[in-house]
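Within every chain, numbering begins at 1; the chains are lettered A, B, ... in the order of the sequence lines, protein sequences first and strands thereafter.
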Amino acid sequence: MPYLLKTEPDKYSFDNLLRDGETVWDGIKNNQALISLRSMKKGEKLVIYHSNVGKAAVGTARVVSNTTDADDPKTPIVRIKAEKRLKREKTLAELRESPLFTDSLLFRQFRLSVVPLTDAQYDWLVHG
DNA sequence: GCCAACGTTGGC
DNA sequence: GCCAACGTTGGC
């Protein structure tokens, strides 16, 4: 299942990810977000969203690996790699207007930092 | 910077 | 186990 990952570009932007190539997506504390992280599988698609500054989906990434810390098995260690910048960023306002996102946790639970996406939502974000 | 919406914590 | 207080997220 694809996921949308929120990040504050002031702290870690999609440009940072492009520069780094890969990174470990850590610092998630919210339990529901952690559940999503744990369920991520290698090769799954991701969309990076800039919260606060920009407020738009900006690029795609992919799950490289998902392991757990031996000392702390509750904490998933999800490594992701940058893919591409979106041809056209999708702003929050556009997402809100899209019927595809009416029921999305993105709006139902707006502080959630890892949000599952349907394939249709992913396609629309990337190609729509 | 403000504040709404939640989640978490801690006193009882 | 309830709920007030506090902390965090993120839109505006």
Side-chain angles (χ1 to χ4, degrees):
Chain A
M1 176 183 284
Y3 293 90
L4 180 141
L5 299 179
K6 290 186 190 175
T7 183
E8 293 188 40
D10 287 348
K11 293 178 185 156
Y12 193 85
S13 68
F14 186 66
D15 282 332
N16 292 139
L17 181 60
L18 282 175
R19 180 200 62 205
D20 294 345
E22 291 187 10
T23 194
V24 172
W25 206 257
D26 54 10
I28 306 289
K29 289 181 213 140
N30 175 278
N31 199 50
Q32 200 170 345
L34 281 171
I35 289 169
S36 288
L37 270 190
R38 288 191 202 106
S39 71
M40 285 184 189
K41 297 190 183 64
K42 180 180 177 180
E44 280 186 322
K45 300 165 181 171
L46 305 166
V47 172
I48 307 297
Y49 171 86
H50 281 173
S51 64
N52 231 319
V53 179
K55 280 177 290 181
V58 291
T60 57
R62 210 165 272 266
V63 178
V64 175
S65 62
N66 189 356
T67 56
T68 49
D69 187 334
D71 297 328
D72 186 10
K74 295 224 154 177
T75 303
I77 303 174
V78 175
R79 178 167 284 275
I80 71 170
K81 75 165 184 256
E83 278 196 323
K84 293 190 290 193
R85 199 183 301 278
L86 293 184
K87 288 198 185 96
R88 208 172 65 71
E89 293 187 0
K90 296 290 188 310
T91 65
L92 184 66
E94 288 175 89
L95 299 197
R96 191 177 280 124
E97 281 168 16
S98 167
L100 286 173
F101 282 89
T102 306
D103 293 328
S104 173
L105 286 177
L106 193 59
F107 297 114
R108 300 246 309 269
Q109 210 176 324
F110 79 96
R111 291 176 312 148
L112 192 61
S113 58
V114 180
V115 181
L117 296 174
T118 65
D119 288 330
Q121 287 168 340
Y122 178 87
D123 279 351
W124 180 83
L125 287 169
V126 176
H127 303 116

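- Salt-bridge check for A/K41 with A/E44: failed, with every basic side-chain N at 4.0 Å or more from each acidic carboxylate O.
- Salt bridge annotation for A/R88-A/E94: present, with a cationic side-chain nitrogen under 4.0 angstrom from a carboxylate oxygen.
- The residue A/K29 sits apart from the nucleic acid: no heavy atom pair falls under 4.0 Å.
- Read 5' to 3', the first and last nucleotides of DNA chain B with an atom closer than 4.0 Å to a heavy atom of chain A are B/dA5 to B/dG7.
- Residues A/F107 and A/N52 both approach DNA chain B. Their nearest nucleotides, taken by heavy-atom distance, put A/N52 toward the 5′ side.
- Checking A/T60 against A/Y122 by side-chain atom types alone, no donor-acceptor pair falls below 3.5 Å.
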Next on the checklist: Checking A/T23 against A/D20 for the side chain to side chain donor-acceptor pair (under 3.5 Å) test, could you report, in this order, the C-alpha distance in whole Å, the side-chain angles of both residues, the deciding distance, and whether it holds?
Outcome noted: CA-CA 7 Å; A/T23 194; A/D20 294 345; 4.8 Å; no

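- Exactly one of A/R79, A/R62, A/K81 qualifies for a side chain to side chain donor-acceptor pair (under 3.5 Å) with A/E22. That residue is A/R79.
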